[in-house]
Every structure is written in C-alpha cells, then in structure tokens.
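The block underneath contains the structure these notes are about, expressed in structure tokens.
Nothing fancy with the numbering, it's 1 onward along the sequence.
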Amino acid sequence: MSYKNAENVLPKDLLEEIQQYVHGECLYIPQRENAKRGWGDLTATRKILGDRNRAIVQEHQRGVPTSELADRYFLSVKSIQRIIKEWKE
C-alpha cells in the first residue's frame, strides 16, 4: 500500500470536509467491496499450495503413511489429514 498526499488527489472542498474530522494524521480508505481481490490472487501462492496438496493426496492414495507425508512436507499429521479430507470432499 502506498501513501498519497490528499492535496494531490482530492478536490479542495472534499479535503476541507475531511479535515473537519481528521487532520495531520494518516487515514486508511478501504477498497470498495466489489474491488477486493481474493486471497492469493496477486501471487502464485494459491497455485503452489494447490499443487502441493494434490501431490500429498496422490502420495497418500499410493499408500504413503500420513506421518511420512508430514515429515516430507514439514506439516503436522493433523494438517495432512485435513488436506486429504478436504480433497475428498
């Protein structure tokens, strides 16, 4: 998130109206609801985790024990079980 000088962005009358409530401080203006992006939309993290989870499920289906998968992927046994359960649903 970058900061912008309100004097350079907002009309003078709007800036004066805002200054009645807040002046000399940083003000966060949230995005509109319809402009919000989902988690992982800007990075490849969602795809990477999806690929990892798919590999975990495939290895589990081939008979690799959950404890071994946990060690291999640096996750807890509970996390491996959750991934397998969610993938089946």
Side-chain angles (χ1 to χ4, degrees):
M1 176 178 9
S2 62
Y3 293 95
K4 300 200 181 331
N5 187 333
E7 289 179 329
N8 299 332
V9 179
L10 302 175
K12 188 174 185 338
D13 56 334
L14 178 57
L15 177 59
E16 290 172 358
E17 182 72 25
I18 292 172
Q19 285 173 330
Q20 291 180 23
Y21 302 95
V22 178
H23 55 277
E25 297 181 45
C26 291
L27 180 66
Y28 173 74
I29 301 174
Q31 291 184 0
R32 294 179 179 163
E33 280 298 319
N34 59 357
K36 289 187 178 181
R37 294 186 175 122
W39 179 85
D41 285 350
L42 297 178
T43 64
T45 303
R46 180 177 278 179
K47 181 184 179 332
I48 291 168
L49 292 178
D51 292 345
R52 179 204 65 186
N53 293 351
R54 188 175 305 106
I56 288 171
V57 170
Q58 288 172 350
E59 290 180 46
H60 181 264
Q61 288 172 342
R62 286 195 297 263
V64 179
T66 55
S67 58
E68 187 177 325
L69 292 170
D71 290 341
R72 186 178 301 170
Y73 289 96
F74 304 102
L75 296 169
S76 68
V77 172
K78 288 278 188 194
S79 292
I80 297 294
Q81 291 170 344
R82 179 187 48 80
I83 291 167
I84 293 167
K85 181 181 178 223
E86 286 177 358
W87 205 265
K88 288 180 180 178
E89 295 173 355

### Query
Where do A70 and S76 come nearest, in terms of heavy atoms and distance?
CB-C, 3.9 Å
### Query
Can you name the nearest heavy-atom pair linking R72 to E68, along with the distance?
NH2-OE2, 2.6 Å
### Summary
Interatomic distance, NZ@K78 vs NZ@K85, rounded to 0.5 Å, equals 10.5 Å
### Task
Supply the atom-to-atom distance H60 NE2 to Q81 CD, rounded to the nearest 0.5 angstrom.
8.0 Å
### Query
Under a single-linkage definition using a 4.5 Å side-chain heavy-atom cutoff for Ile, Leu, Val, Met, Phe, Trp and Tyr, are L27 and L14 assigned to the same hydrophobic cluster?
yes
#### Entry: Q20, CD atom: more than 12 neighbouring heavy atoms under 6.0 Å
yes
### Task
Taking the side chain as every heavy atom from C-beta outward, state whether L15 and Q19 have any atom pair closer than 4.5 Å.
yes
### Query
Transitive ILVMFWY cluster of Y73 at side-chain heavy atoms under 4.5 Å: who else is in it?
I56, V57, V64, L69, L75, I80, I83, I84, W87
